[in-house]
Amino acid sequence: MQKLEDFDLVEKAFYLSTDVVDIARSLLGMYLYTSILGAPPCLAKIVETEAYRAPDDKGSHAYQNKKTKRTEVMFRTGGISYIYLCYGIHEMFNVVTGPKDCAHAILIRAVEPVTGIEEIKKRRKKENLSDCCNGPGKLCAALGIDRSFNASTLYDPASNIRIYRKNTPIINDIISSPRVGIAYAGESANLPWRFRIESSPFTSKPDEVNYG
DNA sequence: GCGACGATTCGCT
DNA sequence: GCGAATCGTCGCG
């Protein structure tokens, strides 16, 4: 069992870069921590991310800086969560990055459970651990993340959702490829902004996408 | 108001 | 591989 003392809370400055693609890559190997009332805390290593870069990215909810009730949190200063409901069923967890009015976000697509394993299996009703967090909707269910945690501050030790890094840096084998499920995004669809730790058995489906 | 649809998942064929 | 589930959001009238 790993102890949280072996990790450092990722500082606010990390989220403020305007290079969302670079941050998406850097998040690989960092750790998502959730402490939900009434449940054991969970820690999980981030193994897959996708960058969404408004205003020019047609895949982004904030394409052309379209600001609505839902996307408003994307325009806030980086370092907070953007959580929305997809297909009326699944919650999606994003990390908002960049300075105020820079509507960049990073979708967390897969994580590898580290602690809170039993709670994760219980929430997912799955015994096979590698099928608990290998998708953006799955990991939210597994870690107890829902829209009530939208706009949570990820660098605040008092938040229910936080991001940590290990004290000792690690080298990851990273591959990039087109993002999943954005066929509607035209020429933005093939941008290689999906990042995975190639050797991880905990990344999501599909292995490849093809938008023609 | 109303209708179309989505940064997905699961179960069945 | 395919279709259903399921509802908030958004654009249009």
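Chain naming here is simple, since letters A, B, ... match the order of the sequence lines and numbering starts at 1 in each.
Within the nucleic acid shown, A:Lys205 has no heavy atom closer than 4.0 Å to any nucleic acid atom. Nucleic acid contact class of A:Ile182 (heavy atoms, under 4.0 Å, all strands): sugar-phosphate only. Counting non-hydrogen atoms under 4.0 angstrom, A:Gly59 reaches a base of the nucleic acid. Using a 4.0 Å heavy-atom distance criterion, A:Arg147 is classed as a sugar-phosphate-only contact.
When distances are taken from the side chain of A:Lys138 to each of B:dA7, C:dG11, B:dC10, the shortest belongs to B:dC10. Closest to the side chain of A:Lys66, from the set C:dG11, C:dG8, B:dT8, is C:dG11. Residue A:Met74 has its side chain nearest to B:dA7 when only B:dT9, B:dA7, C:dT6 are considered. Closest contact between the side chain of A:Arg70 and the listed nucleotides C:dT9, B:dT9, B:dT8 involves C:dT9. For A:Arg124, the side-chain atoms get nearest to B:dC10 when compared with the rest of C:dG11, B:dC10, B:dA7.
Within the shown strands, C:dG8 is the pairing partner of B:dC5 under the Watson-Crick or G-U definition, both distances less than 3.5 Å.
C:dA5 has no stacking from A:Tyr87 on its base ring, since the centres under 5.5 angstrom apart and planes within 30 degrees of parallel are not both found.
In this structure, A:Pro55 and A:Tyr63 approach most closely via the heavy-atom pair O-CD1, 3.1 Å. Residues A:Met74 and A:Val96 come closest through the heavy atom pair O-CG1, 3.7 Å.
Judged by the 6.0 Å and 45° rule, A:Arg76 forms no cation-pi pair with A:Tyr82.
We find that CG of A:Leu139 is positioned 13 Å from C1' of B:dT9, with the value rounded to whole Å. As a whole-Å value, the separation of A:His90 NE2 from B:dG6 C1' is 11 Å. The distance from atom CD of A:Glu48 to atom P of B:dT8 is 11 Å, rounded to the nearest whole Å. Distance A:Tyr184 OH to B:dT8 P: 8 Å, rounded to the nearest Å. Rounding to whole angstrom units, CD of residue A:Glu91 and P of C:dA5 are separated by 20 Å. The interatomic distance linking A:Tyr211 (OH) with B:dA7 (P) rounds to 10 Å, in whole Å. Taking atom CZ on A:Phe93 and atom P on B:dT8, their separation rounds to 16 Å, with Å as the unit. If you take NZ of A:Lys58 and P of B:dC5, they are 18 Å apart, rounded to a whole angstrom.
Here A:Arg194 does not pair with A:Glu208 in a salt bridge; the nearest charged N to carboxylate O distance is not below 4.0 Å.
Among the candidates A:Cys140, A:Ser148, A:Cys86, the single residue satisfying the side chain to side chain contact (heavy atoms under 4.5 Å, CB included) test with A:Glu91 is A:Cys140.
A distance of about 23 Å separates the P atoms of C:dG1 and B:dA7, rounded to the whole Å.
Contact between the side-chain N/O atoms of A:Arg109 and the OP1/OP2 oxygens of B:dT8 is found at a separation under 4.0 Å.
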For A:Glu127 and A:Lys121, what are the C-alpha separation, side-chain angles and deciding distance, and is it a salt bridge (Lys or Arg N to Asp or Glu O under 4.0 Å)?
-> CA-CA 6 Å; A:Glu127 267 312 303; A:Lys121 287 181 177 174; 3.8 Å; yes
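Nearest-nucleotide mapping onto DNA chain B: of A:Lys126 and A:Leu107, the residue sitting toward the 5' end is A:Leu107.
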